[in-house]
Each structure stands twice: as structure tokens, then as C-alpha cells.
Amino acid sequence: MGNLFVVSAPSGAGKTSLCKEIVDFFPRLRHSVSYTTRPPRAGEVEGRDYHFVARDAFDRMAAAGRFAEWAEVHGNGYGTAIATLEEARSGGYDLLLEIDCQGAAQIKQNYRHGVFIFILPPSIDELRRRLEGRGTDSAEIIARRIENARGEILQAAWYDFLVVNDDFSRARDEFRAIILAENCRSARVLPTLPVEFGLAESL
Ligand code: GDP
Ligand code: ADP
Ligand code: 5GP
């Protein structure tokens, strides 16, 4: 079974930028494309960044039990389709889920092998500067995201790994190290070793 990496962060912490670098770096790792009712931002592409759906379509998917997890975040619906996880399993690749804390908690209950990573900004002031600098959201939306950030940060305590995104390249190295270490876990490597090593009984 492939690894399931679940990454959360308050909006503006750098989660999208870091996850993009990570997915580009590890050929066996793919980004899970979520469903959302949020309108696309400039530059976002349907099917690559999100599946952008109307509220009624989203609610129908939720009612039909087609989400592995879903949540309301900053006033929009976001969800991970069960089909996305099944495709990764049958395709034999690892998956990176960029989801909020409520969704991560649902995955933790239902998919015990998940690896949970939380990305923190160096401070709330810096978070505000980044959201303003990104230039994709109105002042009102930024204010709501900052307000939500305080509650989200408290959730960091239950994650397996914490990465503080102050210097971007250092944060990227730490993130890479987490993925590399998980890929070296004995349970993952043992099944790939030559039969002549005689380790088959250890599986
Ligand atoms: P960002 O915070 O700037 O990355 O803005 P987004 O609109 O891309 O994401 C908003 C929130 O929704 C973030 O907390 C994401 O982690 C979360 N999110 C994205 N996709 C999913 C999903 O499939 N499920 C859940 N539960 N949350 C998601
Ligand atoms: P998120 O997906 O968590 O909302 P983004 O990846 O969109 O965050 O990053 C928010 C903004 O902060 C972007 O404009 C990004 O270029 C910038 N940013 C990300 N990491 C850093 C960093 N380490 N130092 C300075 N700016 C950063
Ligand atoms: P944004 O609107 O800035 O793209 O994302 C806002 C928040 O929604 C982020 O914290 C992001 O991680 C979260 N999010 C994105 N997709 C999903 C998803 O499929 N499920 C959940 N629970 N949260 C998501």
C-alpha cells in the first residue's frame, strides 16, 4: 500500500508552495485533487488545482458518501473523493493530501497508515504579510483566514511532524526529509528486497 501524506496549515503558511516542490521532487508521489465550492483564483486550473463544483453538486457527493473526508473551511466546502484514494492504491503511488485540520482528523480515524504533517508560519504577522503579498484574496477574506488561523494552529499539537516555514528552502529540506524517512521504513523496504536475503518470513 502506498503512503498517504496529509498536510495541513493555516492559509498563507506556504502549504501550496511547499507541496508543489515536494510533488515535483518525488516521482512516486502525487497530489490529491480536492473538490471545492470555492471559485477558482486567477491561474488555477480545473482538475489540476481543484475540481471546482457548484454547491449542490458538492452536497450531493457528500450525501452519497463519495468523500473520504469533507469539511467547511472559510465558508466553502472542500472534500477528498474516495475514488482519488482508490486510484492511488490501485496505481501503486503515494498521495499527498493538502487538507484542513477537520478533514485530517477524519482521515486519521479512517486511514490509520496516514502520516500527518503540519506547516506553521513563523508568526501571525508574517502570515498576514504573506496573504497580502499573495494578492489573491480580498481584505475581508484575508481577515477571516487570519481569524481562523489561530484555531487551526492549536491543532498542530496532534500531528506527527511540524515544519516551521520561515526560510523556504530550509522548510523544503525538512519536508523532504520526512518523506524520505517514511519511504525507508522497514515495512516499506522489506517487500522490495531480493528473495535471496531470506527476509521473506519477516514480512
Ligand atoms: P490555502 O489555504 O491558501 O491553501 O487555500 P485553499 O482554498 O486552497 O484551501 C482552503 C482550505 O481547505 C485549506 O485548509 C486546505 O487545506 C483545505 N482543503 C483543501 N482541499 C481539501 C480537502 O479535500 N479536504 C479538506 N478537508 N480540506 C481541504
Ligand atoms: P498556503 O497554500 O498555505 O495558503 P501559499 O503557498 O499560497 O500558502 O503561500 C502564501 C504566500 O506566501 C505566497 O505568496 C508564497 O509565495 C509566500 N511564501 C511561501 N513560503 C514563504 C516563505 N518561506 N517566505 C516568504 N514567503 C513565502
Ligand atoms: P484555499 O481556498 O486557500 O485553496 O484553501 C483553504 C483551505 O482549504 C486550506 O486550508 C486547504 O488546505 C483546505 N482544503 C483544500 N482542499 C481540501 C479538502 O479536500 N478537504 C479539506 N478538508 N480541506 C481542504
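In each ligand, atom 1 is the first atom listed, and ligand 1 is the first ligand listed.
A side-chain donor from one of Tyr78 and Arg38 sits under 3.5 Å from a side-chain acceptor of the other. With 3.5 Å as the limit, one finds a donor-acceptor pair spanning the side chains of Asn148 and His74. Inspection of the Ser8 and Gln155 side chains reveals no N or O donor paired with an N or O acceptor under 3.5 Å.
Ring geometry, Trp70 versus Phe67: the interplanar angle falls from 30° to 60°, so the pair is classed tilted.
Phe116 is linked by a ring-ring contact (aromatic ring centres under 6.0 Å, His included) to Trp158, counting only residues two or more places apart in sequence or in another chain.
Considering both main-chain and side-chain atoms, Arg38 comes within under 3.5 Å of ligand 3 through a nitrogen or oxygen pair. Note: an N/O pair closer than 3.5 Å links Gly12 and ligand 2 by distance alone. Looking at ligand 2, you'll find an N or O of Ser17 within less than 3.5 Å of one of its N or O atoms. Between Glu44 and ligand 3, a contact under 3.5 Å exists for no N or O pair. At under 3.5 Å, not a single nitrogen or oxygen of Glu98, backbone or side chain, sits near a nitrogen or oxygen of ligand 2. Taking distance alone, with nitrogen or oxygen atoms compared against 3.5 Å, Asp167 stays at or beyond that limit from ligand 2. Considering both main-chain and side-chain atoms, Gly133 never comes within under 3.5 Å of ligand 2 through any nitrogen or oxygen pair. Checked by distance only, ligand 3 and Gly79 come closer than 3.5 Å through their nitrogen or oxygen atoms.
Neither the backbone nor the side chain of Leu131 has a heavy atom within less than 4.0 Å of ligand 2. Proximity of Ala171 to ligand 2, defined as any heavy-atom pair under 4.0 Å, is not found for any part of the residue.
With atom 22 (N) of ligand 3 as the reference point, the heavy atom nearest to it among Ile99, Asp100, Leu131 is part of Asp100. Ranked by closest heavy atom to atom 11 (C) of ligand 2, the top entry among Lys15, Arg129, Arg130 is Arg130. Between the choices Lys15, Glu98, Glu69, the shortest heavy-atom distance to atom 9 (C) of ligand 3 belongs to Lys15.
Ligand 2 lies nowhere less than 4.0 angstrom from a heavy atom belonging to Cys19. At least one heavy atom of Arg145 lies less than 4.0 angstrom from ligand 3. By the 4.0 Å heavy-atom criterion, Ser11 is counted among the residues contacting ligand 2. Taking 4.0 Å as the cut-off, Gln102 does not count as a neighbour of ligand 3 on heavy-atom distance. Within the structure, ligand 2 has Asp166 among the residues with a heavy atom less than 4.0 angstrom away. At least one heavy atom of Tyr50 sits less than 4.0 Å from an atom of ligand 3. Judged by the shortest distance from any of its heavy atoms, Ala13 lies inside the 4.0 Å radius around the atoms of ligand 2. The shortest separation from a heavy atom of Thr36 to ligand 3 is not under 4.0 Å, leaving the residue out of contact.
Of all atoms in ligand 2, listed by their number and element, those nearer than 4.0 Å to a heavy atom of Pro10 are 3 (O). Which parts of ligand 3 touch Thr80 is read off a 4.0 Å heavy-atom cut-off, strictly below it: atoms 19 (O). Near Ala71, meaning under 4.0 Å from any of its heavy atoms, are these atoms of ligand 3: 22 (N). Taking a cut-off of under 4.0 Å to the non-hydrogen atoms of Arg41, the atoms of ligand 3 that pass are 1 (P), 2 (O), 3 (O), 4 (O).
The pair Arg41-Asp49 does not count as a salt bridge, with every side-chain nitrogen at least 4.0 angstrom from each carboxylate oxygen. At a threshold of 4.0 Å, the pair Asp125-Arg128 counts as salt-bridged, since one of the basic side-chain nitrogens sits closer than that to a carboxylate oxygen. Salt bridge present: Arg185 and Glu182 bring a charged side-chain N and a carboxylate O closer than 4.0 Å. With respect to the salt-bridge test (charged N to carboxylate O, under 4.0 angstrom), the residues Arg129 and Glu132 do not qualify.
Considering only heavy atoms from C-beta on, Ile22 stays 4.5 Å or farther from Phe5 through its side chain. Inter-residue side-chain proximity for Tyr50 and Pro40 is flagged as unmet; no heavy-atom pair is nearer than 4.5 Å.
Geometric assessment of Arg30 against the ring of Tyr93 yields a positive cation-pi assignment under the 6.0 Å and 45° thresholds.
For Arg144, the CZ atom is loosely surrounded, since the number of other residues' heavy atoms within 6.0 Å does not exceed 12.
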request  = Evaluate the side chain to side chain contact (heavy atoms under 4.5 Å, CB included) criterion for residues Ile82 and Arg66: first the C-alpha distance (whole Å), next the side-chain angles of each, then the deciding distance (0.1 Å), finally the verdict.
outcome  = CA-CA 6 Å; Ile82 290 174; Arg66 289 176 55 199; 5.9 Å; no
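Counting only distance, with no hydrogens or angles, the side chain of Thr80 and the backbone of Ser34 share no donor-acceptor pair below 3.5 Å.
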